[in-house]
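Only one structure is covered here, and it is reproduced in the block below.
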Amino acid sequence: MPDLLNVDDAVARILKEIKPLPAEQIALIDALGRVLAASLVADLSLPPFANSSMDGFAVRAADIADASAANPLSLRVVADIPAGHTSTQIINTGEAARIMTGAPMPTGADAVIPVEQTDQSWRSGDAAPLPERVAISVSVKTGDYVRPVGEDIMAGETILTAGTTIGAPELGVLAALGQAQVSVTRRPRIVILGSGDELVDVGEPLTPGKIRDVNSYTLFGLISAYGGDPILIPTARDTLDDVRRRFREALSYDPDLILSSAGVSVGTFDVVRAVMEELGEIGFWRVNLRPGKPLAFGKLGGKPFFGLPGNPVSAMVTFDVFVRPALLKLTGSSDVFPTIQATLRETLKSDGRRSYIRVTLSREDGQIVARTTGTQSSGALMSMVRADGLLIIPEDVIEASTGQSFPVRLLRNFV
Ligand code: AMP
Ligand code: MG
């Protein structure tokens with residue numbers, strides 16, 4: 001099949017046309033799921049001051065080196081340090097300070113004894129009076145129960161690199177470092193456009209010959225999941241005028257990317273293709289993959305444009321293979337496509353194209369095992385609903401045998 005474009009070459013050609021989007025400043029609370037536009041260098045250490053990791057007494061470890069149950073040692077309590085407060089009291093030999101978790105260590109003290117290892121006790125919420133003395137029956141080493149300055153983060157360290165997707169832990173680090181505003185790449189605006197006289201929207205009744213528009217919803221979901229802002233416009237009828245009107249409407253949103261589905265396969269009503277050619281520079285590619293051989297890619301009104309196949313599974317698979325890398329490049333994301341190796345538990349015929357087989361995964365006898373989800377028809381929506389991933393049978397393989405190992409591109413978390 002020499003006239004078919006290799007999948008990797010097609011992806012490379014697409015990525016050459018995609019430019020990362022500029023950065024914008026947003027409030028930290030809005031940053032979940034966004035991609036950091038610049039690396040973050042810590043401008044302070046965390047913790048910023050040495051503090052206690054327990055409720056107890058700050059001591060000089062050398063003072064109680066000989067303490068034991070048989071030989072409890074008594075220290076004079078000279079300060080009381082709750083979290084959020086500092087004490088200027090210096091702890092001299094023979095002295096201790098009552099200290100709470102997170103409170104700064106007083107000068108002179110170098111370790112903490114948890115309250116449970118003293119003769120003192122208090123209940124939480126209890127404003128227990130400060131004792132005059134505390135008896136200690138265990139020894140500690142210098143630094144015990146003390147969180148030193150910079151234990152977590154050192155000032156000057158690069159903490160997060162550009163391209164990181166901000167999750168809950170990253171929100172925490174950004175908050176700790178005082179980043180009330182965060183520089184992230186702008187979210188790509190992506191118009192979704194379908195076409196076909198047979199399509200009706202989800203709320204409309206099905207009359208003979210009609211089916212409901214699926215691709216608008218699946219593409220909406222995929223775009224949202226990978227950090228884009230989807231913009232849905234009504235599907236076009238199969239007339240030159242309507243297709244032209246909807247494509248113009250797509251451009252009016254000043255999108256970063258336009259995604260259309262259907263109308264690119266051989267034998268379809270040629271209006272979609274005619275309008276694509278009229279409004280842009282589009283290449284019609286026959287890519288060496290299954291499902292989803294027909295693919296249109298180019299510029300429409302100067303904007304990157306994908307014409308995905310109409311069959312719902314083909315549209316989702318080609319999104320994963322071609323559009324997702326483009327989306328990652330637009331956002332500058334350094335996310336990767338998680339791929340694992342799995343043992344096929346079936347024998348499958350392939351046709352020499354690179355095949356993306358919908359599979360379920362399970363762990364059996366210490367192996368990850370893949371089985372097909374059932375019919376692999378490119379219209380079978382349930383094959384995607386059931387799939388944990390896409391098992392990739394490489395080009396030029398016409399039989400994939402049971403027991404062979406293949407890469408599986410994960411579509412959901414597999415643990
Ligand atoms: P086409 O490329 O226009 O020939 O479409 C290929 C197949 O995909 C046909 O069976 C269409 O009915 C179907 N199809 C096209 N667009 C959609 C859509 N948005 N939702 C569900 N099926 C679609
Ligand atoms: Mg059609």
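The figures here come from the full heavy-atom set of this structure, side chains too, leaving out hydrogens, waters and symmetry mates. Just so you know, ligand 1 is whichever comes first in the structure, and atom 1 is the first atom listed for that ligand.
Of the N or O atoms in Asp213, one or more lie within a sub-3.5 Å distance of an N or O in ligand 1. By the 3.5 Å distance cut-off applied to N or O atoms, Val214 is counted among the residues near ligand 1. When only interatomic distances are considered, the shortest N/O to N/O separation between Ser261 and ligand 1 does not fall below 3.5 Å. Residue Ala262 has no nitrogen or oxygen atom sitting less than 3.5 Å from a nitrogen or oxygen atom of ligand 1, judged on distance alone.
Lys210 and Glu198 are not joined by a salt bridge, as no carboxylate oxygen comes within less than 4.0 angstrom of a charged side-chain nitrogen. Salt bridge Glu24/Arg186: absent, no basic N to carboxylate O contact under 4.0 Å.
Judged by a 6.0 Å distance limit and a 45° cone about the ring axis, Arg409 is positioned over the six-membered ring of Phe337.
In this structure, Gly310 counts as a contact residue of ligand 1, since one of its heavy atoms falls inside 4.0 Å of the ligand. Within the 4.0 Å heavy-atom cutoff, Pro309 does not count among the residues contacting ligand 1. Gly263 counts as a contact of ligand 1, since one of its heavy atoms falls under 4.0 Å from the ligand.
No side-chain N or O of Tyr253 forms a donor-acceptor pair with one of Asp229 less than 3.5 Å apart.
Interface atoms of ligand 1 facing Glu198, defined by a heavy-atom separation under 4.0 Å, are 11 (C), 12 (O). Set against the non-hydrogen atoms of Pro312, the atoms of ligand 1 under 4.0 Å away are 21 (C), 22 (N).
The side-chain hydrogen bond (donor to acceptor under 3.5 Å, both in side chains) check on Arg363 picks up nothing, with sequence neighbours excluded. The side chain to side chain contact (heavy atoms under 4.5 Å, CB included) search around Ser362 returns Glu364, Val369, Arg371, not counting sequence neighbours.
Using a 4.5 Å cut-off on side-chain heavy atoms (C-beta onward), Leu206 and Arg212 make contact.
In the candidate list Asn311, Leu199, Val313, Leu219, Asn311 is nearest to atom 7 (C) of ligand 1, counting heavy atoms.
Relative ring orientation between Phe297 and Phe306 is described as tilted, the plane-to-plane angle lying within the 30° to 60° band.
Counting heavy atoms closer than 4.0 Å to ligand 1, residue Ile211 contributes side-chain atoms (C-beta onward) but none from N, CA, C or O.
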